[in-house]
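All remarks here apply to the structure that follows.
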Amino acid sequence: QVQLVESGGGLVQAGGSLKLSCAASVRTFNLLPMGWFRQAPGKEREFVAGISWRGDVTNYVDSVKGRFTIFRENAKTTTYLQMNSLKPEDTAVYFCAAGRAMETIDNIRDYLVWGQGTQVTVSS
């Protein structure tokens, strides 16, 4: 069973940066498509960024394009989300998720394993 553990959240001022990490406890990490989601109080969970298992395809929600970057280090079985130019509206709990090995993610239901989340708070 894959387990995912997020870290790197915290409190930052608007315009600042944070780097989130998602460590996976599985040796076949290099075969897993990965994604980052977020959920703000009173709102539904929102897709933020995804990366294919090969690492050659990434996609982002429009609101973070040009500010956030998802990447992976297979040797460390870790996925990252580099967040720059943070805004107060980025405040949320951020979750990472993993899909089925060597599959393409088409929607949120394709993500099978979720982490517990890490809080990101951006002050104005």
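Scope of the values below: all heavy atoms of this structure, side chains included, with no hydrogens, waters or symmetry mates.
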* To do: Can you establish whether the number of heavy atoms outside Q116 located under 6.0 Å from its atom CD is more than 12?
  => no
Less than 4.5 Å apart, any side-chain heavy atom of [X] and any of [Y]?
X: F29; Y: T78; result: no
X: L86; Y: L18; result: yes
X: Q82; Y: L20; result: no
X: T79; Y: C96; result: no
X: F71; Y: L81; result: no
X: S21; Y: S7; result: yes
X: V113; Y: Q3; result: no
X: C22; Y: M34; result: yes

Between [X] and [Y], what is the shortest heavy-atom contact and its length?
X: S124; Y: P88; answer: CB-CG, 3.8 Å
X: N84; Y: S17; answer: OD1-OG, 2.9 Å
X: F47; Y: N59; answer: CZ-OD1, 2.7 Å
X: A98; Y: L32; answer: CB-CD1, 4.2 Å

* Asked: Would you say W114 and V2 are hydrophobically clustered, going by side-chain heavy atoms of ILVMFWY under 4.5 Å?
  -> no
* Connected via hydrophobic side-chain network under 4.5 Å: F68 and V93 -> no
* **Stepwise side-chain contact (heavy atoms from CB on, under 4.5 Å) check, I51 with W36** => CA-CA 9 Å; I51 186 166; W36 284 96; over 6 Å; no
Roughly how far, to the nearest 0.5 Å, is [atom2] of [Y] from [atom1] of [X]?
X: D110; Y: L112; atom1: CG; atom2: CG; answer: 7.5 Å
X: K87; Y: S63; atom1: NZ; atom2: OG; answer: 8.0 Å
X: Y80; Y: R72; atom1: OH; atom2: CZ; answer: 11.5 Å
X: I105; Y: S52; atom1: CD1; atom2: OG; answer: 10.0 Å
X: L31; Y: R54; atom1: CG; atom2: CZ; answer: 10.0 Å
X: R38; Y: E44; atom1: CZ; atom2: CD; answer: 14.0 Å

* Mind checking whether Y111 and F37 have ring centres under 6.0 Å apart? -> yes
* Would you call K65 and D62 a salt bridge, taking side-chain N to carboxylate O under 4.0 Å as the test? ->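 Result for this pair is yes, salt bridge flagged.
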* To do: Cation-pi check, R100 to W53: give yes when NZ or CZ is under 6.0 Å from the six-membered ring centre and within 45° of the ring axis, no otherwise.
  =>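 No, cation not above the ring by the 6.0 Å, 45° rule.
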* Hey, is the main chain of A24 close enough, under 3.5 Å, to the side chain of T77 for a donor-acceptor pair? ->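 Checking the backbone N and O of A24 against the side chain of T77, a donor-acceptor pair under 3.5 Å is found.
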* Report the C-alpha distance between T118 and F95 in whole Å, list the side-chain angles of each, state the deciding distance to 0.1 Å, and finish with yes or no for side-chain contact (heavy atoms from CB on, under 4.5 Å). => CA-CA 7 Å; T118 185; F95 301 87; over 6 Å; no
* Verify side chain to side chain donor-acceptor pair (under 3.5 Å) between Y94 and E6, making sure each step is shown before the conclusion. => CA-CA 8 Å; Y94 283 70; E6 302 97 335; over 6 Å; no
